[in-house]
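I have placed the structure first, in the form of C-alpha cells, so that the comments after it can refer back to it.
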Amino acid sequence: MKPLPKNFYLRSPDTVAKELLGKILVRKVRNHILSGKIVETEAYFGEGDPASRAANGKKKFNLAMWEDVGKAFIYMVHNNWLFNVVAHEKGKVGAVLIRAIEPLEGIEVMKKNRGIDNLRSLTNGPGKLTKALGITKEFNGIDLTNSKSEIFIVKGKEEEFEICKSHRIGVSRDLNVRLRFFINGNQFVSYKKVF
DNA sequence: AGGAAGATCTACT
DNA sequence: GTAGATCTTCCTA
C-alpha cells in the first residue's frame, strides 16, 4: 500500500478532513503493524479560528502547522496526546485532527497499550487512539507520506459510506461552521450526538 | 506560580 | 446518556 501523496494534503483543511474518512492509519512498530480506519476527523484553521492551536501565532509547540503538509502535528491536552495531520493550501495554516479510528490490525497490542479489553472503547476518541497506537510527542513532525516512517496513512479499500457533519467537540469557542466529519453509523465514532 | 486546554474515566440518574 | 473529578504540558504573568 502506498501512502497518500503530499498534494492530497495541499488543500483546505475541511476538504482534507472529509476525504481522510475511510483511509487507513498505519503505525509500524519493530516487528508488527497496528492499523485502523479513520472514522472521525475535525478541521482546524490558522488565524481566525479561535479553537485552533495556531490562533495565537507561531509558538514552539505548534510550528508544525506552518510547515510542510502531510506531517504529523501532536500536542497534549488533559493528559492526552492528540494526533493531527498538517493540511492546508499553499501559504496557509491548518491541520486535521484524527478523532477516532476503527481497529483493523494489531488489536491485541492495542488492548495491551490501553489496558482494557473492550473493543468498542479501544480507539473511539482522540486521546484513546494515540494511546492504543503508542503515539507520543516524539512523533511530532514525522512524515506521513513516506511508507518508511513509523506512522503513515494509506488509501483504504473502496467502500460506500455516508459522511455526517457536526460542530467540533470540546471546543470552548467554536466557529459558526461545522468542521467535524464522521462516518454515519460507525461504532467507533466518539459521540453520536450531533451538535 | 497559576491557569487553561480540541479529553477520559467513573459513577451514577 | 450525562455530570463531575482529575490527569499533564505549555503559555502568560
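Computed from a prediction, not measured in an experiment: that's the story for all the values here.
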Mind calculating the distance between [atom1] ([X]) and [atom2] ([N]) to the nearest angstrom?
| X | N | atom1 | atom2 | result |
| --- | --- | --- | --- | --- |
| A/F83 | B/dG6 | CZ | P | 18 Å |
| A/R173 | B/dA4 | CZ | P | 11 Å |
| A/K60 | C/dT9 | NZ | C1' | 12 Å |
| A/F61 | C/dC11 | CZ | C1' | 8 Å |
| A/R53 | C/dT9 | CZ | P | 15 Å |
| A/E138 | C/dT9 | CD | C1' | 15 Å |
| A/I135 | B/dG6 | CD1 | P | 19 Å |
| A/R168 | B/dA5 | CZ | C1' | 14 Å |

* Asked: Does a salt bridge link A/E89 with A/R11, judged by any charged N lying under 4.0 Å from a carboxylate O?
  ->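 Salt bridge absent between A/E89 and A/R11.
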For [X] and [Y], does a side-chain donor sit closer than 3.5 Å to a side-chain acceptor?
| X | Y | answer |
| --- | --- | --- |
| A/K128 | A/N124 | yes |
| A/T41 | A/R99 | no |
| A/E102 | A/T123 | no |

* To do: Could I get the full list of side-chain hydrogen bond (donor to acceptor under 3.5 Å, both in side chains) partners for A/N146, not counting sequence neighbours?
  => none
* To do: Not counting sequence neighbours, which residues clear side-chain hydrogen bond (donor to acceptor under 3.5 Å, both in side chains) with A/D49? List them please.
  =>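 Per chain and number, A/D49 pairs via side-chain hydrogen bond (donor to acceptor under 3.5 Å, both in side chains) with A/R168.
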* Structure fact -> Each base of DNA chain C marked ( ) or [ ] if paired in-strand (Watson-Crick or G-U under 3.5 Å), | if paired to another strand and . if unpaired gives ||||||.|||||.
* **Position toward the 5' end of DNA chain C (nearest nucleotide), A/K59 or A/M76** =>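 So the residue in question is A/M76.
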* Could you say whether A/N62 or A/N79 is positioned toward the 5' end of DNA chain C, judged by the nucleotide with the nearest heavy atom to each? =>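 Upstream on the strand: A/N79.
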* B/dG6 OP1/OP2 closer than 4.0 Å to side-chain N/O of A/S52 ->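 Looking at the OP1 and OP2 atoms of B/dG6, neither is under 4.0 Å from any side-chain N or O of A/S52.
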* Selection residues 36-71 of chain A - residue pairs positive for ring-ring contact (aromatic ring centres under 6.0 Å, His included), sequence neighbours left out ->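 For residues 36-71 of chain A, and leaving out neighbouring residues, there are no ring-ring contact (aromatic ring centres under 6.0 Å, His included) pairs at all.
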* With a 4.0 Å cut-off on heavy atoms, is A/N84 in touch with a base, just the backbone sugar-phosphate, or nothing at all? ->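 The answer is base, as A/N84 lies within the cut-off (heavy atoms under 4.0 Å) of a base atom.
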* What residues, two or more places apart in sequence or in another chain, satisfy salt bridge (charged side-chain N to carboxylate O under 4.0 Å, His left out) together with A/D143? -> none
Grab the N/O contacts between the protein and nucleotides 7-10 of chain B below 3.5 Å, and write none if there aren't any.
from	atom 1	to	atom 2	distance (Å)
B/dT8	OP1	A/P126	N	3.3
B/dT8	OP1	A/G127	N	2.7
B/dT8	OP1	A/K128	N	3.1
B/dC9	OP1	A/R114	NH1	3.0
B/dC9	OP1	A/R114	NH2	3.3

* A/L133 backbone acceptor or donor facing A/R27 side chain under 3.5 Å -> yes
